[in-house]
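See below for the structure under consideration.
Per chain, numbering begins at 1; letters A, B, ... match sequence-line order.
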Amino acid sequence: MAENKYITLISAEGHEFVVLREAALVSPTIKGMLRGPFVEAQTGRCRFEEIPSPVLEKVVEYFHYWYRYRDKEDVPDMEIPVEMCLELLQAADFFNLDAMQTHRNTL
Amino acid sequence: MADEPTLPRLPPSLLVNDGRKRGRSMGSPPTHSSSTSSDPAFFSSDDDPALDNYQNHGRRKRRYVGTWYDQQPASSDSGVGEDGSPSYHPPRRSRARSRARPQQQKRQLKRQLDSGVWMGADGCSTDTDDSVDLEPVAARLPLALPRTQGPMQSSAAQPQGWEMEQIVRDKILACVENGTEQVDLSGLDLESIPPGLLDPISEITPIPTVAKDVGFEQRDPQIKLFLSNNRLASFPVGLLNLEHLTVLSLRANNLVKLPPAIAKLRNLETLNIAQNRIRYLPAELLELLQKGSKLRNLHFQPNPLWRPQGVLVDSEGAEEYERLTFGARPEAELELPWSGLTTKLQSRTPVHFADGVRDAAGSTFTIPAPDSDAEPVCPLEPFSQLVVPEALAREVRFQGATSKLINPRGPKTLLELAIGACAASGQADRVVRYLREEDRVPHYLAPVVERAAAIHDEGGLRCAVCGRATLMPLAQWLEFRQIGRTTITVDAAGRNTDCKFVGLGDGDRALLVPFLRVGCSWKCVPARVEQTKGKKVQGQNGDLRVKQ
């Protein structure tokens, strides 16, 4: 089956976000879901029961931000609303969007 | 002793022998080091010109009190005034009785003013009856006690919290109003300085001297701030905004480190950080310790600075390392003769690698915690070596250029962005508490957020190699440098002819000071200097060698 160019991320409330596959692969977590022997890999639909829509929306925004600037210099920082920073902190941890992408998983 | 740094010159307006306040420091032992850590004897004198007549009596309160009643037969007052007994009652009462004499009514006004200044007490402006006369006498005690017996023993009369804040605010306001450039906040037992408290200092403008045949000129203020003999545990960040600070004394506090943003104080001429608990200096301070900078006096001893293990001298390697790591910086020729402080690199430690979440990511060398009590000795690494963790090779293999760990270019990680938002929000402490106490949250992020918030509050941090702002330093190492005084003379053609470097230190043993360098990624590390005999070979920042 040919890989679709886009994948769908579904939030706790059931909102669906269609994301460029290549952009979402910045997250080792999503990469693992799509590469492994899971349903997600076949359908291209990833369901995140614990992540509310506004947070997932911001994460998706980050995926595209990263994709757009991935090999640029002097990148402007993405705006993070203050009230959401704690939830995004946890989301970043969940999606493994920190400096150590493989290191901690392979320790 | 020939290397002893000279103290800053006293302004001519001050009396040299007025060393009373400084002299009674809190029992600090004389230091064995060659550089004296004492502050120059500045303090606010009584500037009221009407008092000029009394200068030859000295500056002591007793004389001072006595002179108010000079015209009265007051010799008995001045004799006993010092022990705090209410000895000025007789003249006051006599004034009350003979109110018809106009001279004495004038004195009444002045005395009020004076007691306000001396006692640091506000709101005692009425003195119509005798009961008020006692008040200034009582208020003298808390002022006198800390000076003579140290801060701990004066608990009974110790102002605390907001009272202390009010005292500081009043002192600063007095300086702003009088145009006094010396702000003396020493010996107040301050434990911390709330943000914004020091801001009014930046409003101080000196009163220009007006003389005949001299053009009126508004000069920049030269603010001298004395915070010595307090109990500050962290550097008061508010003073980083004081652009015109020229003298800063933080002597005899409990500081553990200086913030990197101290390099913002470009007009600093004297910095006194002696008698603290400082382990290392930020490498950013080197910006104030280079050719052409204004810093003339740096008192950093005694402090429990980290020491290098052994001696490793490679001056050629040191030069090459600085050039390759931090980029070639051709030293500008100075137009005028210059004398000031510079440093000479001698050696560096291995690099402490962190992954941003865990602290030591398989790094062989760890920079000790600055607040640990041990007196650590740091191992050294030759400039031709660079030990990197094994994880680096794995990261290069699996992630390649997209990994932020090895590539500082490109967008920040979401974690870094979120932590940045946390730190900037000013609510990092609440986030940290939540991360610590709640279930089902990543607990290990709490110290990361805490550290980032501390860096943010200190005024930010930039990578020493690539210059990017970072809140999560991933590489750190120490450079041991000798601080010395350099004198440069300029010949007629404008060329710098004579450069002399005289290191500060105890006799012939060079005194090495640790400076902390910070890198934002695992690529922002010291360049490895290739050692071939007599020939310099270009190396690259990323030219890393993996430890076997």
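Each of B:Ala421, B:Gly426, B:Ala424, B:Gly420 has some count of heavy-atom pairs under 4.5 Å with chain A, and the biggest count is that of B:Ala421. Annotation: maximal heavy-atom pairing with chain A below 4.5 Å, among B:Val431, B:Leu417, B:Val449, occurs at B:Leu417.
Looking at A:Tyr62, only its side chain comes within 4.5 Å of chain B, counting heavy atoms on both sides. Looking at A:Glu50, the atoms closer than 4.5 Å to chain B (heavy atoms on both sides) all sit in the side chain, from C-beta outward.
Here the CD1 atom belonging to A:Ile80 is positioned 11.5 Å from the CD atom belonging to B:Glu416, to the nearest 0.5 angstrom. Rounded to the nearest 0.5 angstrom, A:Gln90 CD and B:Leu415 CG are separated by 11.5 Å. Taking CG of A:Asn96 as the start and OG1 of B:Thr413 as the end, the distance is 11.0 Å to the nearest 0.5 Å. In this structure, CG on A:Asp93 lies 10.5 Å from CG on B:Leu414, to the nearest 0.5 angstrom.
In the displayed structure, A:Glu16 atom CD is contacted under 6.0 Å by more than 12 heavy atoms of other residues, nucleotides or ligands. Residue A:Arg68 places its CZ atom among 12 or fewer non-hydrogen atoms of other residues, nucleotides or ligands, all under 6.0 Å distant. The environment of A:Lys58 atom NZ is dense: over 12 non-hydrogen atoms of other residues, nucleotides or ligands sit within 6.0 angstrom. Counting non-hydrogen atoms of neighbouring residues, nucleotides and ligands closer than 6.0 angstrom, the CD atom of A:Glu13 exceeds 12 such neighbours.
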Requested in this report: Mind running side chain to side chain contact (heavy atoms under 4.5 Å, CB included) on B:Lys412 and A:Val75 for me, showing each step along the way?
Outcome: CA-CA 8 Å; B:Lys412 290 181 180 163; A:Val75 178; over 6 Å; no

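Here the shortest heavy-atom pairing between B:Ala418 and A:Cys85 reads O-CB, 3.8 Å.
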